[in-house]
Protein chains: 2
Amino acid sequence: MSSQNIPTRDRILKSTWQLLEAGNGSAVRMSDIAKAAKISRQALYLHFPNRADLLTATTRYLDEVHDIDAKLAKSRSAASGTQRLEAWVETWGNYIPTIFGVAKALMAMQETDEEAAAAWNDRICAIRDGCEKAVQALKADGALTDSMSEVEATDILLTILSVRNWEQLRIDCNWTQARYIDMMQQLAAQALVKS
Amino acid sequence: MSSQNIPTRDRILKSTWQLLEAGNGSAVRMSDIAKAAKISRQALYLHFPNRADLLTATTRYLDEVHDIDAKLAKSRSAASGTQRLEAWVETWGNYIPTIFGVAKALMAMQETDEEAAAAWNDRICAIRDGCEKAVQALKADGALTDSMSEVEATDILLTILSVRNWEQLRIDCNWTQARYIDMMQQLAAQALVKS
DNA sequence: ATTCTGACTTGACACGATGTCAATATAGAT
DNA sequence: ATCTATATTGACATCGTGTCAAGTCAGAAT
């Protein structure tokens, strides 16, 4: 059950990712994934109990492949609070494109599917944690604005850095990734750093 | 076709709104609406060709009922650019709760339904227009920041004021409506107004 | 008084997507 | 030669949207 099915399972995850990436998030059916992975639709259910599980497994797969932990470690080593904020915005902001397809599918499912909601919420918590750490670093430097609490600052940062906002600016408004990162760093600093 | 069916049609729109408002946006089926309006599910299709049309008709109905044009006129009469920005953020930000249910349903449909996407896009254009006018007022006052173009400033404002962001802060993070308005005004001013 | 019309009802059905089940095939390990 | 894991095929249940056909029913026109 856990040992030798690696090739097929991997092929499924890879196909899922590629389809979601290409199709920009929507309208990827289980049958599409099966076709791409060159197995029958029913065989998918031998590897993943349902669509929500497949999608969350895909995000974990992406985290592994891109070694997101290592990237986060880098941003944690920033000297000052403001530098740490900048680094965090950059790291997360540059990771969004990779997971966007899966994230969008998961967000869409979340509305109807309990399990998908939980899975996505789990991801959000991880991101929130990154935001919180950045806010705490600012606070420690005495650089956090007086106009809001640490929790509020975290809420705001999390909101600014949402996948939906990335989608709106990058895709709907056609911004470049560089411009997006730049502006988000500006926006975050203006909102959180004491002037 | 257009004269005496007002009561039923109105009852449908009202029921739709109430259900979407109460159910916080999701899982409202045509049959639910029919039941609430006390007609058969099939009779719904005598009044609206499909779900997307019903939802967009509901937004128009809400616009009428709440006389949104009058409220917008007020914010247009602000003296300075910065005041106008403040007024716009307040007006739109305070209108979001009213339309949130319908908006969320429409946004969810948009992913799969071409017509729903067009309808929602139409609404977005109207909001974008409000953002653009505020940016232009700032520009006219010479108060627009140098760090971005008018288009970029509009993009940013539209993004900050998105329904999704409202949802995240108001519902997920449990902010009060007053705090939300306050912080969005701050955020918008910091981002757009020359310091 | 009868007929016509418009709004509505009931009941049946097609479609697309997810998920399940049973029966069968096939390759590799023992 | 057989056992087991992995797949396959095909059928089917469920849910929601949207369509179709046939019939009810009240009120207006003649």
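Basis for what follows: all heavy atoms, side chains included, without hydrogens, waters or symmetry-related copies. In what follows, chains carry the letters A, B, and so on, assigned in the order in which the sequence lines appear, proteins first and then strands, with residues in each chain numbered from 1.
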- Query: Any Lys/Arg nitrogen of B:D67 or B:K71 sitting under 4.0 Å from an Asp/Glu carboxylate oxygen of the other?
  - Reply: no
- Residue A:Q42, side-chain heavy atoms: nucleotide from D:dT9, C:dG11, C:dG19 that is nearest: D:dT9
- Message: Let's see if you can work this out: which of C:dG19, D:dT17, C:dT9 has an atom nearest to the side-chain heavy atoms of A:Y45?
- Response: C:dG19
- Query: How do A:L46 and A:R41 order along DNA chain D: which one's closest nucleotide is nearer the 5' end?
  - Reply: A:L46
- Just say parallel, tilted or perpendicular for the rings of A:W166 and A:F100, cut-offs at 30° and 60°. tilted
- Residue closer to the 5' end of DNA chain C, A:R29 versus A:P49 (nearest nucleotide): A:R29
- In plain terms, say whether B:D63 and B:R60 are close enough for a salt bridge, that is, a side-chain N and a carboxylate O under 4.0 Å apart. no
- Item | Integer-rounded Å distance: D:dA7 C1' and A:I12 CD1 | 11 Å
- Query: Taking the side chain of A:R51 as heavy atoms from C-beta outward, which of C:dC8, D:dT8, C:dG19 is closest to it?
  - Reply: C:dG19
- Task: Take atom CG of A:D113 and atom P of C:dA17, then tell me their distance rounded to the nearest Å.
- Result: 17 Å
- Message: From CD of B:E115 over to C1' of D:dG18, roughly how many Å is that when rounded to an integer?
- Response: 13 Å
- Item | Donor-acceptor contact below 3.5 Å, side chain B:D155 vs main chain A:L169 | no
- Is it the case that A:S162 and B:Q168 place a side-chain donor and acceptor less than 3.5 Å from each other? no
- Can you tell me if the side-chain N/O atoms of B:T8 get under 4.0 Å from OP1 or OP2 in C:dA7? no
- Message: With a 4.0 Å cutoff (strictly under), does any side-chain N or O of B:H47 reach OP1 or OP2 of C:dC8?
- Response: yes
- Message: Rounding to an integer number of Å, can you tell me how far A:N50 CG sits from C:dG19 P?
- Response: 5 Å
- Task: Give the nucleotide from the list D:dG18, D:dA7, C:dT9 with an atom nearest to the side chain of B:A43.
- Result: C:dT9
- Query: Roughly how many Å is it from CD1 in A:I33 to C1' in C:dG19, rounded to a whole number?
  - Reply: 14 Å
- Message: Rounded to whole Å, please give me the gap between CG in B:L44 and C1' in C:dT9.
- Response: 13 Å
- Rounded interatomic separation in angstrom, taking NZ from B:K38 and P from C:dC8: 15 Å
- Note on the structure: In whole angstroms, the gap separating C1' of C:dC8 from CZ of B:R11 amounts to 11 Å
- Which residues, if any, of residues 52-62 of chain A bring a heavy atom under 4.0 Å of DNA chain C? none
- Query: Parallel, tilted or perpendicular: which fits the ring planes of A:H66 and A:W17, with parallel below 30° and perpendicular above 60°?
  - Reply: perpendicular
- Could you list all the salt bridge (Lys or Arg N to Asp or Glu O under 4.0 Å) pairs where at least one residue sits in residues 79-96 of chain A, not counting sequence neighbours? none
